[in-house]
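Bear in mind that the values here come from a model prediction, so they are computed numbers and not experimental data. Below, chains carry the letters A, B, ... as their sequence lines are ordered, and counting in each starts from 1.
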Amino acid sequence: MEIPKTYDPKITEDKWYSYWLQHKFFKSVPDEREPYTIVIPPPNVTGVLHMGHMLNNTIQDVLIRRARMQGKNACWVPGTDHASIATEAKVVALLKEKGINKTDLSREDFLKHAWEWKEKYGGIILKQLEKLGASCDWDRTRFTMEDDLSEAVINVFIDLYKKGQIYRGVRMVNWDPQGLTAVSDEEVHHKEVNSKLYYVKYKIEDLSLALSKGEGEEWITIATTRPETILGDTAVCVHPDDERYKHLHGRRCIIPMVNRSVPIITDDYITMEFGTGALKVTPAHDINDYNLGVKHKLEVIDTIAADGKMSEAAKFYVGEDRFTVRKKIAKDLEELGHIVKVEDIKNKVGYSERTNAVIEPKLSMQWFLKMDKISKPALENVLNGEVKLIPEKYVNTYKHWMENVHDWCISRQLWWGQRIPAWYDNKGNTVVCKTKEEAIQKLKGINSEVKSEDIRQDEDVLDTWFSSWLWPISVFDGFKNPEGKDINYYYPTNDLVTGPDILFFWIARMIIAGYEYKGQKPFSNVYLTGIVRDKLGRKMSKQLGNSPDPIELIEKYGADGVRVGMLLCAPAGNDLLFDESYTEQGRNFSNKIWNAFRLINGWETAYTKQTQANTIAIRWFEAKFNEQLEIINDLYSKYRMSEALMATYKLVWDDFCAWYLEMIKPEFVDGKSLPIDNETYDATIVFFEKILKVLHPFMPFITEELWHLIRERAEKDCIIVAEWPKPSGETDEITRHFDVVMEVITNIRNLRKQKNIPQKEQLQVFEKVNQGEVIKTYDEIIIKLCNLSSFEYVTANVDNAFSFVLKHAEFFVPLSQNMDVAAEKERLAKDLEYNKGFLKSVEIKLSNEKFVANAKPELIENERKKQSDAMAKIKAIEEQLAGLK
RNA sequence: GGGAGCUUAGCUCAGCUGGUUCAGAGCAUCUGCCUUACAAGCAGAGGGUCACUGGUUCGAACCCAGUAGCUCCCA
């Protein structure tokens with residue numbers, strides 16, 4: 001059968017993925033082996049695969065596959081998140097397209113639509129993960145809103161309520177006027193924007209006092225970026241020490257348009273330098289103002305409704321959007337003579353992470369989880385390294401957040417999600433319990449007259465993260481069945497791989513839940529990937545259109561190529577600047593491996609005696625492989641994935657293909673390849689299998705394909721479950737010898753190139769050993785790789801030959817062409833100069849008493865060696881120079 | 001405003017507790033090769049005042065201080 005010259009992923013990927021599935025290689029059940037567990041960061045059920053998923057799922061799969069090969073019971077649990085806000089927004093939009101308004105639907109009808117939609121389009125992303133080669137145990141696929149997981153969420157809510165950790169109250173929350181829900185602090189992103197700072201003057205009340213002093217009208221000027229909130233002002237505040245305003249302490253001023261009289265209060269919270277040093281106070285629409293309001297017992301006038309439009313309480317512009325009103329009121333105030341000036345400034349504005357609407361601080365009744373006590377173990381155990389964050393720099397960020405954590409607003413004014421299990425009667429009593437029946441019982445205990453129809457459940461649902469924080473426990477049914485086999489075996493999980501953007505949303509909270517409900521960490525290591533950006537460092541986004549479609553990339557370069565491309569540009573802990581050229585490099589690498597196979601596969605074997613060159617080549621590669629494997633293992637243990645990949649890449653491309661295979665490759669005689677001796681062939685197959693194994697976590701498909709092509713296999717003899725190679729531990733000095741041999745070869749090749757000697761022309765090389773013993777073991781290899789007619793040893797310099805000097809030996813290459821003596825002299829002189837300079841620097845070091853006194857002995861020894869080497873080299877060059885006529 | 005981190009070759013990055021011919025890798029570039037595994041390849045080469053300034057040290061890319069620029073997080 002003719003094997004194509006290039007690797008074609010299309011004919012292998014689907015084939016092997018279904019083969020793996022069919023043989024249940026991804027499946028994990030508890031057994032006596034050591035478990036290795038990862039829970040997937042559940043993507044939004046409505047989502048499609050983007051480059052960020054691509055990156056972290058590739059890493060997870062690499063970790064899982066390697067663990068599986070190491071003989072661990074590898075379990076990767078997949079699943080999706082119901083993502084309340086995002087999904088509800090999508091369903092609302094979809095219904096709107098059909099001409100249906102959410103407000104016209106009952107809760108039940110809406111949820112019916114939502115579920116239908118979820119069943120139809122949800123989980124596309126999981127199918128896409130299969131294309132990538134993700135070896136998840138699909139039988140364990142979970143969804144955060146399935147019955148068992150929802151039950152866990154409700155139970156946890158009830159439990160925390162009973163423990164007094166959850167409370168309900170009116171607080172200033174971040175209101176998303178588009179999503180029409182409260183969101184948590186973490187869901188607000190602050191962006192710097194260009195704004196205008198309006199200076200508005202308010203008239204001081206009690207004019208008579210001023211007039212009596214003959215001062216005329218008095219004003220106080222405030223500065224604000226949000227003039228539309230003026231209608232809700234209930235005070236003006238100045239710093240108590242501010243000389244400019246001391247005469248106004250205790251007086252009142254008039255809010256323009258609404259003509260409300262409000263007090264002028266003092267508080268040292270005020271920054272005197274900002275604006276005019278006088279702050280308008282709107283307790284309903286700013287968190288700081290709210291705090292001032294509480295402190296100074298100010299009236300709260302809520303002038304902006306839930307949808308971001310002015311409310312009745314505003315009295316003006318009722319029903320108009322806050323941003324329209326901002327412009328209008330500025331104009332109207334101008335006409336009324338209240339605007340003193342307008343400045344351009346930059347300030348930070350909060351945006352909703354989900355809808356990108358400008359967040360409105362708003363007072364509302366919400367449910368909160370107290371964070372102070374519950375978060376303590378989660379902080380401690382990250383600080384003491386029980387849970388490791390990789391890279392470590394995130395520990396600082398984590399610590400800072402945990403030490404300043406605010407209560408978590410967990411209620412959302414949505415329907416898609418777990419409904420809050422709180423029940424109210426008509427008298428304002430509240431009970432928290434699972435079912436209406438229980439609620440009736442409980443409420444009757446408080447209010448004996450209560451009727452079932454008077455009882456209603458809280459309309460809100462819980463924050464999505466209030467379900468996903470339980471993920472590492474709930475996917476193993478740890479709430480439903482706390483002593484179950486699964487939870488006891490797989491929990492705590494090993495590694496979590498995700499982006500730093502959800503460090504607080506999710507990671508921190510999972511750690512909290514882990515300690516609260518299992519008394520144990522949820523995972524030992526958190527690998528935080530960078531953010532995938534484009535070549536110019538911009539975040540990938542739909543708007544910019546700079547995000548490639550991962551599935552298209554896979555079609556173009558193959559899943560293995562894309563995986564390699566992804567990891568090549570993913571330095572540990574840094575953002576990665578993705579470019580398609582990396583996936584191209586990945587594809588080229590696939591092809592290289594493919595062709596190494598084609599070479600080996602094409603060989604005929606014979607029972608001939610193994611040449612010395614082949615014996616040496618095998619010994620060398622064995623040693624090299626072990627040396628590199630240790631390095632690769634070490635890099636894995638430090639989660640330095642891109643470096644582990646690069647080490648693997650070089651082992652395969654450089655050491656195996658460029659050196660080893662070239663060394664043992666049989667010669668061509670009369671247009672036919674000579675057969676290779678059996679012993680070498682067998683060793684090469686074993687090497688190739690080892691190479692495939694270390695490649696497998698990165699490139700699952702091509703390695704599985706070649707695993708089966710290189711040798712006949714039993715049905716279940718697959719590389720996916722093959723044993724990860726073990727380093728033999730032998731450190732052979734052959735690799736050190738070989739470094740010198742390689743240098744000799746490179747020098748000869750370089751000479752050939754410089755002198756324009758065709759590849760086919762054979763050369764003679766003479767070696768003159770100046771120091772140490774003569775090692776002839778490698779001569780055959782040099783002859784082969786440099787196409788030499790002979791390699792001989794001499795004791796005197798060879799005249800009329802080009803030469804170069806390595807450690808302890810000189811090499812001479814006589815050429816048929818005439819030597820350009822002047823040029824050769826110049827080259828040698830340059831070399832001489834460099835070596836003399838080097839010797840000098842070594843000697844300066846050695847003659848420095850303080851160096852000799854302070855440096856480590858082996859270091860000094862090394863310097864001495866450098867000195868003698870350099871002197872020998874200088875001597876050799878000088879002799880050669882003298883020999884040139 | 002507070003905090004964290006970064007700045008090394010054209011690009012993306014390594015360089016652990018200062019000391020090996022220590023200034024590295026991959027890609028890109030240049031030169032020569034269509035050599036019967038692979039041109040998605042082979043062979044070879046050129047590229048850097050380690051952001052800047054000062055300090056500590058026998059010795060600094062590495063430690064300290066300051067300056068500039070960039071990024072992220074928090075309020």
Side-chain angles (χ1 to χ4, degrees), chain A residues 3-7 185-186 188-190 271 274 287-288 348 350 391 393-401 404 406 500-501 503-504 530-531 533 535 537 557 561 568-579 581-582 584-603 635 638 640 642-643 645-647 649-650 653 657-658 661-662 665 668 671-673 745-747 749-754 756-760 785-787 807 834-835 837-838 841-842 844-845 847-856 858-863 865-866 869-870 873:
Chain A
I3 298 163
K5 267 170 91 164
T6 49
Y7 167 65
D185 292 345
E186 290 69 40
V188 181
H189 281 188
H190 297 270
T271 312
F274 184 79
I287 179 66
N288 297 312
K348 296 258 180 106
K393 66 178 175 188
Y394 286 107
V395 174
N396 277 327
T397 316
Y398 180 88
K399 176 169 181 267
H400 186 257
W401 185 78
N404 297 286
H406 295 115
D501 47 333
L503 181 60
F504 309 133
I531 291 165
R533 299 171 178 277
K535 215 174 159 180
Y557 299 101
L568 276 175
C569 62
N574 280 342
D575 282 359
L576 50 125
L577 307 188
F578 179 81
D579 185 74
S581 62
Y582 288 108
E584 205 177 310
Q585 195 183 345
R587 179 203 56 186
N588 294 355
F589 187 39
S590 307
N591 206 41
K592 185 73 191 175
I593 300 162
W594 184 253
N595 277 290
F597 161 71
R598 285 181 65 224
L599 175 66
I600 299 168
N601 189 57
W603 287 338
L635 290 168
K638 292 173 180 148
R640 309 191 74 145
S642 64
E643 287 170 65
L645 171 59
M646 187 44 70
Y649 180 92
K650 284 196 278 190
W653 199 308
C657 294
L661 289 180
E662 289 301 328
K665 190 155 98 179
F668 260 79
K672 241 191 102 190
S673 171
I745 292 169
T746 305
N747 267 289
R749 283 172 173 171
N750 188 14
L751 189 69
R752 189 188 277 281
K753 167 93 202 225
Q754 276 175 3
N756 266 321
I757 305 161
Q759 208 56 244
K760 285 182 179 155
L785 295 187
C786 295
N787 193 23
K807 297 226 156 137
Y834 171 82
N835 280 288
F838 175 69
S841 76
V842 175
I844 286 173
K845 224 186 239 184
S847 62
N848 183 333
E849 279 170 34
K850 285 184 177 169
F851 171 74
V852 180
N854 296 326
K856 284 181 248 167
E858 59 265 35
L859 205 79
I860 297 166
E861 190 47 44
N862 218 323
E863 291 298 318
K865 196 158 164 284
K866 277 169 26 180
D869 285 357
K873 203 163 174 183

### Query
Is the distance from OP1 or OP2 of B:C42 to the nearest side-chain N or O of A:Lys592 less than 4.0 Å?
yes
### Task
Answer yes or no: does a side-chain N or O of A:Arg598 lie under 4.0 Å from OP1 or OP2 of B:G41?
no
### Query
At under 4.0 Å between heavy atoms, what does A:Ser581 touch on the DNA or RNA strands: base, sugar-phosphate, or nothing?
nothing
### Message
Taking only side-chain N and O atoms of A:Asn588, does any of them lie within less than 4.0 angstrom of OP1 or OP2 on B:G41?
### Response
yes
### Task
Look through every strand shown and name the nucleotide pairing with B:C62 as Watson-Crick or G-U wobble, where both distances are under 3.5 Å.
none
### Touch class at under 4.0 angstrom, heavy-atom based, for A:Lys348 against every strand present
base
### Query
According to a strict under-4.0 Å criterion, is A:Thr397 in side-chain N/O contact with OP1 or OP2 of B:G3?
no
### Query
Rounded to the nearest Å, what distance is computed from the OH atom of residue A:Tyr394 to the C1' atom of nucleotide B:U71?
11 Å
### Task
Write down the distance between OH (A:Tyr649) and P (B:A40), rounded to a whole number of angstrom.
14 Å
### Query
Applying a 3.5 Å limit to both distances, which nucleotide forms a Watson-Crick or G-U wobble pair with B:A28?
none
### Task
Please give the nucleotide sitting opposite B:G41 as a Watson-Crick or G-U wobble pair, both distances under 3.5 Å, or none.
B:C33
### Message
If you compare every side-chain N and O of A:Trp653 against the phosphate oxygens of B:C42 (OP1, OP2), does one of them come in below 4.0 Å?
### Response
yes
### Message
OP1 or OP2 of B:A40 versus the side-chain N and O atoms of A:Arg587: is any pair under 4.0 Å?
### Response
no
### Query
Between B:C73 atom P and A:Trp401 atom CH2, what is the distance in whole Å?
15 Å
### Message
Just the rounded figure in Å: distance from P of B:G26 to CG of A:Leu577.
### Response
20 Å
### Query
Is the glycosidic angle of B:G47 within 90° of 0, making it syn, or outside that range, making it anti?
syn
### Query
Taking a pair as Watson-Crick or G-U wobble with both distances under 3.5 Å, which nucleotide is matched to B:G46?
none
### Query
Taking NZ from A:Lys399 and P from B:C74, how many angstroms apart are they, rounded to a whole number?
17 Å
### Query
Within less than 4.0 Å of OP1 or OP2 of B:C38, is there a side-chain N or O belonging to A:Tyr7?
no
#### Entry: Pairing partner (Watson-Crick or G-U wobble, both distances under 3.5 angstrom) of B:U56
none
#### Entry: A:Lys5 side chain near B:A39 phosphate (N/O to OP1/OP2, under 4.0 Å)
yes
### Task
Report yes if a side-chain nitrogen or oxygen of A:Lys665 is closer than 4.0 Å to either non-bridging phosphate oxygen (OP1 or OP2) of B:A37; otherwise report no.
yes
### Query
Parallel, tilted or perpendicular: which describes the rings of A:Phe589 and A:Trp653, with under 30° parallel and over 60° perpendicular?
parallel
### Summary
Partner of B:A4 under the Watson-Crick or G-U wobble criteria, both distances under 3.5 Å, comes out as B:U71
### Query
With under 30° as parallel and over 60° as perpendicular, where do the rings of A:Trp594 and A:Tyr7 fit, or are they tilted in between?
tilted
